[in-house]
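Report on one structure; see the data block that follows.
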There are 2 protein chains.
Amino acid sequence: MNAVNPETKKPRMERDAVATRARILNVATREFARRGFEGATTDDIADKAHVNKRMIYHYFGSKERLYLAVLEEAYATARHAEEKLKLDADDPVSALSRLAEFTFDSFARDRTFISLLNTENRNEAKVLRKSEKIRAMNSTVLKAVDTILRQGEARGVFRSGLDAFQVWVSMVSLSYFYFSNIHTLSIVGGSRLSEAEALAARRRHVVDFVLAGVRA
Amino acid sequence: MNAVNPETKKPRMERDAVATRARILNVATREFARRGFEGATTDDIADKAHVNKRMIYHYFGSKERLYLAVLEEAYATARHAEEKLKLDADDPVSALSRLAEFTFDSFARDRTFISLLNTENRNEAKVLRKSEKIRAMNSTVLKAVDTILRQGEARGVFRSGLDAFQVWVSMVSLSYFYFSNIHTLSIVGGSRLSEAEALAARRRHVVDFVLAGVRA
DNA sequence: GCATTTAATAACTATCCAGTTACTTACTTG
DNA sequence: CAAGTAAGTAACTGGATAGTTATTAAATGC
């Protein structure tokens, strides 16, 4: 028989707005990435965040606005990582290969951003389009690629006339597609592409292919 | 007051098993591609196919088995198109660029397959893995790429040691990623990537980049 | 130290949705 | 042509799911 415990009658109220909001956002990020917008449920998010479901509506207003907050945070995180990256200003070949490696490693470390982008594209980017925050975060990476390409062109190591947007899309796609489609590609390739050996082989190929694609 | 019309009392029963099944499958393909497995609903599919919902269960058994049938048909269609493609057996450069063009054009024409693959990957390919039919459809394209690479290598136009799987993944990724992420990329790029001009520019770049990536 | 605001809870509602039951009507075949 | 089977319908069920109502309790501020 338990002694009457007044703390269990009306149990813990943490009353920590910052922590509760953050816990919801973290769990929601994982759930939206795993199950997509339709697949994720507010009941599940509330349970896994150890929070009363009403709190989702208290802090975010609706499922869609919670999803928007998740997207905005994911974008901010990705941009922040990009900005921390220091590229060799004097060697376009090393700068471009470093950027390709960085892209591959970012996706290899965490596929959350890929999953969210795929969900958003299936939904025709209707939510992302609305976000002033994300539209304001204009990427510095496109300018960096342009600088690298012009420098390489001037030095005669890259071919001329390359478009920064096209090259950037190509560089990203070589890593993105591998991780985005890793399950179906593993079936076609007949082996587990998430194993260390396969990852290393793909990483080498991506860097190689990007450099070969732009060289003079 | 309407005259009593016996035809409208118990309305038309078409009783065409083949047509009804096909209508369900077509609508389901569209709905699963647009909304994903969770997003699509059997009620909606039934309505849009002008079919009683019970017929979905009559012909396919469950939502998941309907989805599997959709996947299997999409794979079969893709494989069939691949097999019809005739590549120049004597010119590896033209064969590879033709294959890159074909890949781009297939995705440009219809993004259904891309959407289904993305849905399936978000779901860890759990349904696709089960399909004996799809596992049996082993692709001829990997062998074709290998043949092209070895021929180009022997003639000194491609560099040596290239892996067919890696090159194939790269070639597909350059087109796939563009179409899969066309909505979010349009925001980054600041223009509508589905416009004819943008499509033509990407197509040129893809072919260019693939050839540059493998040349000696 | 009292009034207001903010954080938190439990229980509820209306709707949706996968799958089913019970039935009818047309086609096929012995 | 009668019996059995295949194709079709309407109405229902149980469980999930986004969002709400009503209420309580801790923090804040005057």
Side-chain angles (χ1 to χ4, degrees), chain A residues 5-32 34-71 119 123 126-127, chain B residues 5-32 34-71 119 123 126-127:
Chain A
N5 183 346
E7 281 178 18
T8 59
K9 285 176 102 173
K10 279 282 169 186
R12 36 126 201 222
M13 285 195 180
E14 286 188 28
R15 273 195 90 80
D16 186 339
V18 177
T20 303
R21 210 193 108 103
R23 224 160 55 235
I24 294 171
L25 199 60
N26 282 339
V27 172
T29 301
R30 215 180 55 209
E31 289 299 305
F32 283 131
R34 275 196 196 156
R35 326 231 181 257
F37 180 75
E38 285 87 4
T41 71
T42 53
D43 281 297
D44 227 39
I45 291 166
D47 282 359
K48 285 175 180 160
H50 305 295
V51 146
N52 189 286
K53 183 162 70 146
R54 189 68 186 77
M55 291 297 97
I56 291 176
Y57 295 88
H58 183 60
Y59 287 109
F60 297 97
S62 70
K63 186 187 182 185
E64 188 178 306
R65 292 212 305 215
L66 171 59
Y67 172 70
L68 178 60
V70 164
L71 272 184
T119 294
N123 211 38
K126 273 172 186 154
V127 173
Chain B
N5 183 346
E7 281 178 20
T8 59
K9 286 176 105 173
K10 280 281 171 186
R12 34 128 201 229
M13 286 194 181
E14 285 188 27
R15 273 195 90 80
D16 185 340
V18 176
T20 301
R21 210 194 107 104
R23 224 160 55 235
I24 294 171
L25 200 60
N26 282 340
V27 172
T29 301
R30 215 179 56 209
E31 290 299 305
F32 283 131
R34 275 194 197 159
R35 324 231 183 258
F37 180 75
E38 285 87 5
T41 70
T42 53
D43 282 296
D44 227 40
I45 292 167
D47 282 359
K48 285 174 180 161
H50 306 294
V51 146
N52 189 285
K53 185 163 66 146
R54 190 67 188 77
M55 290 297 97
I56 291 176
Y57 295 86
H58 183 60
Y59 288 110
F60 297 96
S62 70
K63 187 187 182 186
E64 189 177 306
R65 292 213 304 213
L66 171 60
Y67 172 70
L68 177 60
V70 164
L71 272 184
T119 294
N123 212 36
K126 274 172 187 155
V127 174

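Letters go in sequence order (proteins before strands), and every chain restarts at 1.
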- Message: With a cut-off of less than 4.0 Å, is there a side-chain N or O of Thr20(A) near OP1 or OP2 of dA7(C)?
- Response: no

- If you take all heavy atoms of Tyr59(B) and Ile24(B), which pair is closest and at what distance? CD1-CD1, 4.1 Å

- Task: Of all the heavy-atom pairs spanning Ser62(B) and Tyr57(B), show the shortest one and how long it is.
- Result: CA-CE2, 3.9 Å

- Message: Rounding to an integer number of Å, can you tell me how far Glu38(B) CD sits from dC16(C) P?
- Response: 19 Å

- Task: For Lys53(B) and dC23(C), give me the distance from atom NZ to atom P, rounded to whole Å.
- Result: 20 Å

- Should the ring pair Tyr67(A) and Phe32(A) be called parallel, tilted or perpendicular, given that the plane angle runs from 0 to 90° and is split at 30 and 60? perpendicular

- Item | Main-chain N/O of Ile56(B) paired with Lys63(B) side-chain donor or acceptor, under 3.5 Å | no

- Indicate the atoms forming the closest heavy-atom contact of Phe37(B) with Glu64(B), along with that distance. CE1-CA, 3.9 Å

- Message: Can you see if the side chain of Thr42(A) gets near the phosphate of dA18(D) - specifically, an N or O under 4.0 Å from OP1 or OP2?
- Response: yes

- Atom pair distance, as rounded to whole Å: CG in Leu66(A) and P in dT17(D): 15 Å

- Thinking salt bridges, do Lys48(B) and Glu31(B) make one under a 4.0 Å N-O criterion? yes

- Message: Once you apply a heavy-atom cut-off of 4.0 Å, does Ala46(B) come out as touching a base, just sugar-phosphate, or nothing?
- Response: nothing

- Query: CD of Glu31(A) versus C1' of dT17(D): gap in Å, rounded?
  - Reply: 14 Å

- Query: In residues 54-62 of chain B, which ones come under 4.0 Å of DNA chain D, going by heavy atoms?
  - Reply: Arg54(B), Met55(B), His58(B), Tyr59(B)

- By nearest-nucleotide position on DNA chain D, the 5'-leaning member of Phe37(A) and Val18(B) is Val18(B)

- Message: Does Ala19(A) reach a base, just sugar-phosphate, or nothing at all? Heavy atoms under 4.0 Å.
- Response: nothing

- Task: Work out which heavy atom in Lys53(A) is nearest to a heavy atom in Ala46(A); give both atom names and the distance.
- Result: CA-CB, 3.6 Å

- Message: Whole angstroms only, please: what is the CZ-P distance between Arg65(A) and dG19(D)?
- Response: 10 Å

- Message: Without decimals, in angstroms, what is the distance between Asp44(B) CG and dT15(C) P?
- Response: 18 Å

- Spacing between Ile45(B) atom CD1 and dC16(C) atom C1', to the nearest angstrom: 15 Å

- Message: Nearest whole Å is fine: how far is dA18(D) C1' from Asp47(A) CG?
- Response: 14 Å

- Could you tell me whether the side chain of Lys63(A) has a donor or acceptor atom within less than 3.5 Å of a complementary atom in the base of dG19(D)? no

- Task: Give a yes or no on whether a donor-acceptor pair under 3.5 Å exists between the nucleobase atoms of dA10(C), that is its base, and the side chain of Asn52(A).
- Result: yes

